[in-house]
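One structure below.
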There are 2 protein chains.
Amino acid sequence: MNDIFSNRMNGLKPSAIREILKNSTDPDIIAFSAGNPSKLCFPAKDIEKYFSESLEQEWAQGLQYGVTEGYIPLRDALKKRTHEVFDAFDADTDELIITTGAQQVFDLATKILCNEGDTIIAEGPSFVGALSAFRSYGVTVEQVPVHADGWHIDEVEAAVKAAKNLRFVYVIPNFQNPTGLTMTAEVRKELLLLAEKYNFYIIEDNAYGDLRYSGQHQPTIKSMDKTGRVLYLGTMSKILAPGLRVGYVSGNAAIVNKMALAKQFNDVHTPMLNQMVCYRFLTESDVAAHISKSCDLYRDKLNLMLKTLDDNCDGAFGYTRPEGGLFVWCTLPDSIATLDFCKATIAKKLAVVPGSTFYVDTDAEYHSVRINFSCPTDEQIVTGIKIMCDTAKEMMR
Amino acid sequence: MNDIFSNRMNGLKPSAIREILKNSTDPDIIAFSAGNPSKLCFPAKDIEKYFSESLEQEWAQGLQYGVTEGYIPLRDALKKRTHEVFDAFDADTDELIITTGAQQVFDLATKILCNEGDTIIAEGPSFVGALSAFRSYGVTVEQVPVHADGWHIDEVEAAVKAAKNLRFVYVIPNFQNPTGLTMTAEVRKELLLLAEKYNFYIIEDNAYGDLRYSGQHQPTIKSMDKTGRVLYLGTMSKILAPGLRVGYVSGNAAIVNKMALAKQFNDVHTPMLNQMVCYRFLTESDVAAHISKSCDLYRDKLNLMLKTLDDNCDGAFGYTRPEGGLFVWCTLPDSIATLDFCKATIAKKLAVVPGSTFYVDTDAEYHSVRINFSCPTDEQIVTGIKIMCDTAKEMMR
């Protein structure tokens, strides 16, 4: 049937993570493979109350078609929070619209900014959902390596110069998926200077920005942007619940309004009640306390994972020490084939995600795996890390 | 800023209906311009109960990321209903996935089936949301006129022969938006024969299929399809509530699975709780009784609108007599400029939608307007129709 499909779908494959997750429905398997927040952080009772209140008080609006840009009280609440917490919304120049998860921002931004054959630059490795959305519009994605000390701006500039019709650079500056690394303020600033010099946009994905467990807050790229080059995206998925599918994008009003036009033809609008629930969460609950409680849980899990690695790894492989987010990135020695490693751990009932998942060129050998600490239990974290360490040591013999 | 946007966004404008609706927030304006189901048909109390039950019993799954294809119990319930009521799902050959409103089906189908420059044929006039979604992928949309007696299949065949890389034909066979007309079983069958002869797909939009107020059920095109050429789309918007944004597509498994892949990169999945609520509505309530009650309301409103037209129009303009759906289509005499007519009615506090909205070539003169009967009150229907009739008579003098 391959000849019936459009060219832009060529080479797009289902997410390897989702394939692995299909296997990990086996309850005996320890899943380090998820990218999910912990269900322990979902305020289910409050959400039930918010749905009921919305349906009691605004049922006609909540169940009817709504405007594409989103439920106005939620937009206003998110404009306020995005300005106050991340300095990433400027009422004088910017607009903010609600999207069906942050994932939709990747689709809409590519649709309105890129022609087929244009180029997008991303970190290597990067979030596969974004890379695939870009490629689904026939765009070329070039990845610039993320080193142990982060992005080297001279390598980024070289890629920018080499790119054909570069439209935007996509980055996850805070606790990047999958490496867990945070971009320094200096690199953020230099990237923005490159954008001005070479005339491209930046998509700043701050999905994990609220999940900092240690270290100092870094300024968002959007906060430094004076020329309307940064599209900033956030989501309710990591601080409330991903199943609601509520994200948002903030930036230059002309661009964001064009995204709203594209969204009108994509899904008309994001479900109304879900937006009302997010609004009530932001205005009726102690959001800072809720996030702080989630961070306490995740910090403990991250520290347990790192301590278990410190105690058992004996240099068998390297790993990052993130200050936030959901992931640790492990780098295997060259002598170990990554897919063999992943197969060996799954045979021991541990699922990890091979590094190739986070690259456009999935056939190359990357010697790395992504592991998640937010979902497994403490016991599973200890058991899983020991399996990883044992497996690596066995394979090095 | 126009030079910063992609070519595919050229010529795409915000829906004229939505612009008109912005004006019609004036509570004194009678809105014949909406495309909404009546809020009187929303079972708000039941929906509140379904949200609460889902959050009591399945909160962890309801709030977490879900699989792209949709909540399995809902998919199974919709497969069953789509098979039993419309003979539009075949378990041996087909797949059915959940989408974020039926609107998303237009996006996904175009994305996976069409390259830029390919052609899609649609009815003229047709649903503007679909036409714009097609065009947002750089596809050429050709419209074949819908006459008072429907589509002329020889005109369709001529357009098919003339089309460059025709990929699919888009039709709304039941109570078409905007004409309200229903395609005869013969034309449905002939269209399917053309699809087989000339090797194209058919997108059968049955959004209004449950809203029949008189006349005989016509077989779906999907029910006649033995070669996997029909993608059939349905929605919960017209029988439950559009604000939930739950639609679905049924068809050849290989094609629908490719749509699921594209959806993964569009919005990951449709909100989980909204799917759970639709499942509970389909399995815990008397769906047939709910639809029958809605049809009773709409039938009375349609009959009132037609009777008021019959009593007041005196041949000033023509109008369709739909057997279902939400719309009546009025055809003005050539001597009346449609936009002038719309401006004249809005000055009298009545909003109608100019016919040009439903064509790709919006600059041509179509001498028609769409009016909606599901949302206005009975009093508004009588007053609004009298305004239309008076205005037409005045403009003909």
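Every chain is numbered from 1, with letters handed out A, B, ... down the list of sequences. Quantities reported herein were computed from a predicted structural model and do not represent experimental measurements.
Per-residue counts of heavy-atom pairs under 4.5 Å with chain A were compared for Leu131(B), Thr110(B), Leu12(B), Val246(B); the largest is that of Leu12(B). Ranking Arg245(B), Gln275(B), Met9(B), Glu56(B) against chain A, the residue ahead of the rest is Arg245(B), based on heavy-atom pairs under 4.5 Å. With respect to chain B, the highest number of heavy-atom pairs below 4.5 Å among Ser136(A), Ala60(A), Ala262(A) belongs to Ser136(A). The residue among Gly138(B), Ser52(B), Gly129(B) with the most heavy atom pairs within less than 4.5 Å of chain A is Ser52(B). The residue among Gln104(A), Lys111(A), Met272(A) with the most heavy atom pairs within less than 4.5 Å of chain B is Lys111(A). Among the candidates Asn7(A), Ile112(A), Thr100(A), Asp107(A), the residue making the largest number of heavy-atom pairs closer than 4.5 Å to chain B is Ile112(A). Note: Pro37(A) leads Pro37(A), Gly62(A), Ser237(A) in heavy-atom pairs under 4.5 Å with chain B. Contact count against chain B (heavy-atom pairs under 4.5 Å) is highest for Ser132(A) among Ala133(A), Ala130(A), Ser132(A). Contacts with chain A were tallied for Gly101(B), Cys114(B), Gly247(B); Cys114(B) has the most, counting heavy-atom pairs under 4.5 Å. For chain A, the option among Lys49(B), Lys39(B), Gln61(B), Gln64(B) with the highest count of heavy-atom pairs below 4.5 Å is Gln64(B). If you tally non-hydrogen atom pairs under 4.5 Å between each of Tyr137(B), Trp59(B), Phe106(B) and chain A, the highest count goes to Tyr137(B).
Remark: side-chain polar atoms of Ser285(B) are paired, donor with acceptor, to backbone N or O of Phe281(B) under 3.5 angstrom. Proximity of a side-chain donor or acceptor of Ser126(B) to a complementary backbone N or O of Ala122(B) within less than 3.5 Å is not detected. One N or O on the side chain of Ser54(B) and one on the backbone of Tyr50(B) form a donor-acceptor pair closer than 3.5 Å. Gln103(A) contributes no side-chain N or O that, together with a main-chain N or O of Val268(B), makes up a donor-acceptor pair within less than 3.5 Å. Under the 3.5 Å distance criterion, the side-chain polar atoms of Asn257(B) are left unmatched by any main-chain donor or acceptor of Ala260(B).
Using a 4.5 Å heavy-atom threshold, the side chains of Leu231(B) and Tyr201(B) count as separate. The shortest distance between side-chain heavy atoms of Thr235(B) and Tyr248(B) does not fall below 4.5 Å.
With a 4.5 Å cut-off on non-hydrogen atoms, Ile47(A) touches chain B through its backbone and its side chain both. Contacts of Thr99(B) with chain A are absent, with no heavy-atom separation under 4.5 Å from either backbone or side chain. Only the side chain of Lys45(A) has a heavy atom closer than 4.5 Å to any heavy atom of chain B. The part of Arg167(B) that comes within reach of chain A is its side chain, from C-beta onward, which places non-hydrogen atoms under 4.5 angstrom from that chain. Within the 4.5 angstrom heavy-atom criterion, only side-chain atoms of Phe51(A), from C-beta onward, approach chain B. Of the two parts of Asn266(A), the backbone and the side chain both hold a non-hydrogen atom closer than 4.5 Å to a non-hydrogen atom of chain B. Contacts between Phe134(A) and chain B at a heavy-atom distance below 4.5 Å are absent for every atom of the residue. Of the two parts of Glu116(B), the backbone and the side chain both hold a non-hydrogen atom closer than 4.5 Å to a non-hydrogen atom of chain A.
Between Ile4(B) and Leu113(A), the shortest heavy-atom contact is O-CD2, 3.8 Å.
Considering CG of Asn36(B) and CZ of Phe42(B), their distance stands at 7.0 Å, rounded to 0.5 Å. In this structure, Leu40(A) CG and Ser294(A) OG are separated by 9.5 Å, a value rounded to the nearest 0.5 Å. The CG atom of Asn274(A) lies 10.0 Å from the CG atom of Leu240(A); values are rounded to the nearest 0.5 Å.
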### Task
Run the numbers on Arg280(A) and Glu58(A) for salt bridge (Lys or Arg N to Asp or Glu O under 4.0 Å), then give the verdict.
CA-CA 12 Å; Arg280(A) 287 173 184 271; Glu58(A) 301 176 274; 3.6 Å; yes
